[in-house]
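Residue numbers begin at 1 in each chain, while the letters A, B, ... track the order of the sequences. What you are looking at is a predicted structure, and each value in this text was computed from that prediction instead of being measured.
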Amino acid sequence: MDVRKDFPILKRKIHGKELVYLDNAATTQKPQVVLDAERDYYTNHNANIHRGVYVLSEEATNLYEKAHEKASHFINADFQEVVFTRNTTESLNLLAYSYSVWDLQKGDEIVLSRLEHHSNLVPWQQLAQLKGVTVKFIELENDGSLDMESAKKLIGKKTKIVSIAHMSNALGTINDVRELGKMAHSVNAVMIVDGAQSVPHFSVDVKKLDCDFLAFSAHKMYGPTGMGCLYGKKDLLENMKPFLYGGEMIREVSYEHTRFNDLPWKFEAGTSNIAGAIGLGAAVDYVSSLGMESIEEYEKELLMYGTKKLSAIPGLTLIGTSKKKGGIISFDMKGIPPHDMASILDADGICVRAGHHCAMPLMNHLGIHGTCRASFGIYNTKKEIDRLAESIEKAKKIFKV
Amino acid sequence: MTIEQMYMENIMDHFKSPRNYGKLDKPTITHHDNNPLCGDELTFQLIIHEGKVSDVKFMGHGCAISQASASMLTEKIKGVSVEDVKKLTKEDIFEMLGIPLSPVRMKCALLSLQVLTAGVAKYSYQL
Ligand SMILES: Cc1ncc(COP(=O)(O)O)c(C=O)c1O
C-alpha cells in the first residue's frame, strides 16, 4: 500500500537505522490527516460542546457529532448505538457495570475463552466475585483457534453473557463470533465482541455479525489514544443504567432526582475527549478511503509472506497457527528469551513486543512465559519483514543458537 | 553502544551456565519477586551462618540479563557478611555486569538485587 508518506514518524531513524514498526497490535502510528484534524480543532474551533450558543461551540459540537456519525457508520450501526469511551477496556468495564452488575444473579454464568486479553477477563472475573456468578472458558485447539465443541458445551441455560475477542492480540486467531453469537442468542444470552484487533484490520459490520455489543479503540486504528467506542443494540443500551454520572449525561436534574439524557449521551458523562473524537473521525475517513477490503487483503499478504519467511528460520516456532488469522506473528526462538530478542531487534530499529501480551492466563495455559510478537499495519512492507528475519539471524549469532 | 556489547561473553556464559542455580535444603531466607514488565522471575535462597552468607542459590526464568545478573550476584555474596550485603547498591550491580544498559533493561539487571535485599531486610526485621 502506498501509504508510508502519510505517516511522518516513519521518516525517523532509530539507532541510526530506518524505523521498522511492527507493534501495531499494541498501537498504530498516526497519519498526518489525524494529526491535522486534532490540531485544527484546537487551533480554530476549540470550545466545550452541546451547551454553548456561540459560534465556536456550535462548530465544536458539529465536529464532535460528525465524529459520532462516522464511527457509527463505519461499523454499520445507528447514531444512537455508539458511545464514546476512552478505549476498549473502558467499553468492556462499562458493560460489566451498567449491564451486568444490575442484571446478573447468583448462579448465572459468563462464558469467555482461554485467549482473552486481560481487558476482557479481569472485569468479568471481578464482577463474578462481587455477584457470585461463574466465569467459564472456551478451550483452544492446538493451533490457537477456539474449540467450537467446547463452546457448545459451555454455552447453556445458565449463560447470560458470552464475551469473546474477535481477533486475538496474542496469537492472531480470528474467532467466529457470529457463530458464537448464534449460540449465545439461542439461550437468550448477550454476545459481546472485543473488536480491539478486528475493527482496525477488516470490515466489521455489527448487523452482519449480529452481536449485541462491540468494543474497540481508536489508537489501534491509526487514531488518537484516549479514545474508544462501545456499540450496543439500541434496546439494550436504552434499558441499561448509566456507567458514570454527572454533566452531559442528564436531561433534567433536581436535588432529589435526575432524568438521564438520550442515547448515546446517556453514557458520556463529563466533558468528552473532543479532540480525540475528531481524531477518530479522521482515522475512520482515512482507513475508509483506503478501503477495509484492501487493508485486509494487503495485511493477509504480509502475514503469508512473514509466516513463510520466519518459519524457515531453524529453531523458530510460531505460536498460533490457526487457518483464520490476522496480521500477527507470535513466535518463540529456541534459546533466546523474548525480551533479549526484542532488545536485539530494537538495536536494528525494529519495534516488536515481547512478553505475555496482556494475556498471562493464556501464556500459562500454553505453558510458556511469553512470546515475541510482530504485528502488521498498512504501512509495513515485505522488505521490512526481510529486515526482521535478518535481525533474528543476528540474534541467533549473538546467542550462539 | 552496540548490542553485542550488552551480550558480552561473560553475560552469555552466566546465562547459559548459571552458577548456584537450584534450591537449598534448609534456607534461612527465601524470597521471590518478578519484573512485571518483562516477566522475569527470581527466587533467592540463602543460609546465614554467624552473620555471613554461607550458602546461596537462585532459581528463575526470564531474559538473559536478569538471569546472568542473579548468577553473578550469588557468586559475589557467598561468604560476605549480611551487613555488607545490605550495603550493595545499583552501581555495584552495574559494575558487576560491566555492560551498557538502557533504562528498560536496567530493571532486568536490578531484579536480582531487589529480590536479595528484600529477602535480607525481611530476615533482619525478624531478628
Ligand atoms: C484483544 C484486545 N482487547 C482489548 C485490548 C485493550 O485495549 P485498550 O488498551 O485500548 O483498552 C487490547 C489491546 O491491546 C486487545 O488487543
Side-chain angles (χ1 to χ4, degrees), chain A residues 14-17 20 23 26 117-118 122 170 315 319 330 332-373 387-388 390-401, chain B residues 1-19 21 32-43 58-73 93-94 96-115:
Chain A
I14 306 287
H15 306 301
K17 312 233 168 80
V20 175
D23 196 15
H117 187 281
H118 295 161
V122 183
I319 315 284
S330 239
D332 175 63
M333 182 66 229
K334 197 163 187 279
I336 311 183
H339 284 87
D340 296 304
M341 177 65 84
S343 271
I344 293 168
L345 298 182
D346 171 61
D348 282 341
I350 302 171
C351 312
V352 298
R353 190 145 292 245
H356 52 62
H357 316 298
C358 293
M360 285 170 99
L362 171 65
M363 295 295 135
N364 285 333
H365 183 72
L366 298 175
I368 52 180
H369 296 301
T371 74
C372 239
R373 179 188 73 187
R387 272 188 58 196
L388 171 66
E390 276 163 33
S391 210
I392 293 173
E393 293 290 357
K394 177 171 146 190
K396 289 180 68 177
K397 283 213 186 75
I398 292 174
F399 270 72
K400 301 199 175 68
V401 293
Chain B
M1 143 187 167
T2 69
I3 194 72
E4 284 83 0
Q5 281 173 313
M6 189 157 118
Y7 292 102
M8 263 183 357
E9 201 63 42
N10 68 324
I11 300 285
M12 294 311 298
D13 179 43
H14 275 269
F15 169 62
K16 292 198 169 183
S17 337
R19 322 295 197 269
Y21 192 88
H32 167 92
D33 207 351
N34 68 341
N35 167 3
L37 189 85
C38 288
D40 300 329
E41 286 195 28
L42 286 176
T43 304
F58 86 99
M59 288 212 341
H61 63 80
C63 70
I65 305 298
S66 71
Q67 303 303 304
S69 167
S71 169
M72 290 162 100
L73 188 57
I93 300 297
F94 295 145
M96 173 185 86
L97 289 166
I99 52 170
L101 287 167
S102 66
V104 178
R105 302 311 302 273
M106 280 180 192
K107 291 210 179 74
C108 309
L110 292 172
L111 180 64
S112 59
L113 179 67
Q114 196 183 315
V115 174

### Query
What do you reckon, is CZ of A:Arg353 surrounded by more than 12 foreign heavy atoms closer than 6.0 Å?
no
### Query
Top residue by heavy-atom pair count (under 4.5 Å) with chain A, among B:Met6, B:Arg105, B:Glu4?
B:Arg105
### Query
Which residue out of A:Lys400, A:His356, A:His15, A:Met363 racks up the most heavy-atom pairs below 4.5 Å with chain B?
A:Lys400
### Query
To the nearest 0.5 Å, what is the distance between CD1 (B:Ile65) and OH (B:Tyr7)?
5.0 Å
#### Entry: Option among B:Leu97, B:Leu111, B:Ile11, B:Leu42 that satisfies the side-chain contact (heavy atoms from CB on, under 4.5 Å) test with B:Ser69
B:Leu97
### Message
For the interface with chain A, which of B:Lys16, B:Glu41, B:Gln67 has the highest count of heavy-atom pairs at distances below 4.5 Å?
### Response
B:Lys16
### Message
Would the distance check show the side chain of A:Ser330 and the main-chain N or O of A:Ala170 forming a donor-acceptor pair, the cut-off being under 3.5 Å?
### Response
yes
